[in-house]
There are 2 protein chains.
Amino acid sequence: MSADRGYHHGDLRAALIEASFAQLAEGGGLPRFSVAAVARRLGVSTAAPYRHFPDRTHLLGAVSGAAAHDLAAAIAAAADAAGTDPADRLAAAAGAYVRYVARTGAGFHVIYAGELHALPDETRRDRTRALMTTLLDLAAATGCPSYQEAVQLVEATIAVAHGYTSLYADGFFARKSISVDAIAARATTAARALMTVD
Amino acid sequence: MSADRGYHHGDLRAALIEASFAQLAEGGGLPRFSVAAVARRLGVSTAAPYRHFPDRTHLLGAVSGAAAHDLAAAIAAAADAAGTDPADRLAAAAGAYVRYVARTGAGFHVIYAGELHALPDETRRDRTRALMTTLLDLAAATGCPSYQEAVQLVEATIAVAHGYTSLYADGFFARKSISVDAIAARATTAARALMTVD
DNA sequence: GTCTATATCTAGATAGAC
DNA sequence: GTCTATCTAGATATAGAC
């Protein structure tokens, strides 16, 4: 990585996005996220990022879009690996979410962050919509009688996955030192239970 | 409240804790929590809080203890209001959690925050333990065959409640402007579903 | 395209006046 | 017990050198 002074990146823009994930994964969430810390992580000056992003929010927007894209792919892959039962496939999305966020730090609190709502970034909008579509398709396949119910099933699945993830990140399970895979398994089981009735 | 300069509080210590809840309720969570902002809210100098708490962490510890105490009471009340069915009683705890955190901003991410683990505050420890006992008793009453399973049922219930709450606070439901009570109802329904099998 | 240097802001925490 | 004033530290963002 050569964190020495004066190193020139080939593609600092891409490196900033990648380093932002690492920064988020270290905890503190959006409020603690700092452009300066990301720059330090790459060994460049704190001014360098502003050549590629006009401000902190635009960098976060790019991170949000990348996360939506990657998460949708991770969820689709997990669903396919889960087999053909629609309920198992949606439940697998919850597990995939836990693993993805534990690895990258970028969950729904980043992807759909309120402070990014006003951002005019079409790429990001498309990717967040595609992520939602991926989830809605999985929910619809379980036999939801209406679109409204599919939405609420997705929200419930997201809530349980995000809840486990959030508690894990906040150190709630820290004393017992439970592994990410164990938490992911519990989230999957809980999400599966949501579909046993209604 | 008389936010003018020079006002002397009768009990600034208690006022600081109460104002901290209001501060947390405005969003941003622990990372954004600032002693200076709490002082400003009460119209006192930024130095005043340090007469009552040695540092930011000790103030947060007091808030954590108060929240654990109040939340346990809110959960117990909601369980009693839910009737005699053990599953309904535990599910009601999830709804009570959503309403409590929407009102105060102090959920498990504050009560069990990792940065407070090292704090030697016996009052807080007693209250967080009592909160956990309240939840474990509700879970055990549903017929959990073992202590381990009661713990995991509590964790799942907490996860779903915290997930809804966290997404709500992060603005995930903001566009649809869903009310707190509606979110609480969904959390209750989802928690109830967790108990239909196993 | 990255650097150094800087202006402005906010926070945590302390010293000493009253 | 609270205030004013101050120190330190870290952040956002900009200006101008190379």
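Because only heavy atoms are used, hydrogens play no part in the values below, and waters and symmetry mates are left out as well, while side chains stay in. Naming: A, B, ... by sequence-line order, numbering from 1 per chain.
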ask   = Taking atom types as modelled, is there a side-chain donor on B:Ser166 or A:His162 under 3.5 Å from an acceptor on the other?
value =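 Looking only at side-chain atoms, A:His162 and B:Ser166 do form a donor-acceptor pair, the distance falling under 3.5 Å.
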
Is there a donor-acceptor pair under 3.5 Å between the side chain of [X] and the backbone N or O of [Y]?
X: A:Tyr100; Y: A:Gly95; value: no
X: B:Tyr97; Y: B:Phe108; value: yes
X: B:Tyr147; Y: B:Ala140; value: no
X: B:Arg56; Y: B:Phe33; value: yes

Which protein N or O atoms sit under 3.5 Å from an N or O of nucleotides 12-16 of chain C?
{"unit_1": "C:dG12", "atom_1": "OP1", "unit_2": "B:Val35", "atom_2": "N", "d": "3.1"}
{"unit_1": "C:dG12", "atom_1": "OP2", "unit_2": "B:Val35", "atom_2": "N", "d": "3.2"}
{"unit_1": "C:dG12", "atom_1": "OP2", "unit_2": "B:Ala36", "atom_2": "N", "d": "3.0"}
{"unit_1": "C:dA13", "atom_1": "OP2", "unit_2": "B:Tyr50", "atom_2": "OH", "d": "3.3"}
{"unit_1": "C:dA13", "atom_1": "OP2", "unit_2": "B:Arg56", "atom_2": "N", "d": "3.0"}

Between [N] atom [atom2] and [X] atom [atom1], what is the distance in whole Å?
X: B:Arg32; N: D:dT12; atom1: CZ; atom2: C1'; answer: 12 Å
X: B:Arg41; N: C:dT10; atom1: CZ; atom2: C1'; answer: 17 Å
X: A:Phe53; N: D:dT14; atom1: CZ; atom2: P; answer: 15 Å
X: B:Leu42; N: D:dG1; atom1: CG; atom2: P; answer: 16 Å

task = Examine C:dT10: is either OP1 or OP2 under 4.0 Å from a nitrogen or oxygen in the side chain of B:Arg40? Give yes or no.
result =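 No, B:Arg40 has no side-chain N/O under 4.0 Å of OP1/OP2 on C:dT10.
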
request  = Flag the pair A:Lys176 and B:Glu155 as a salt bridge only when some basic side-chain nitrogen lies within less than 4.0 angstrom of an acidic carboxylate oxygen.
outcome  =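 Yes, this pair counts.
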
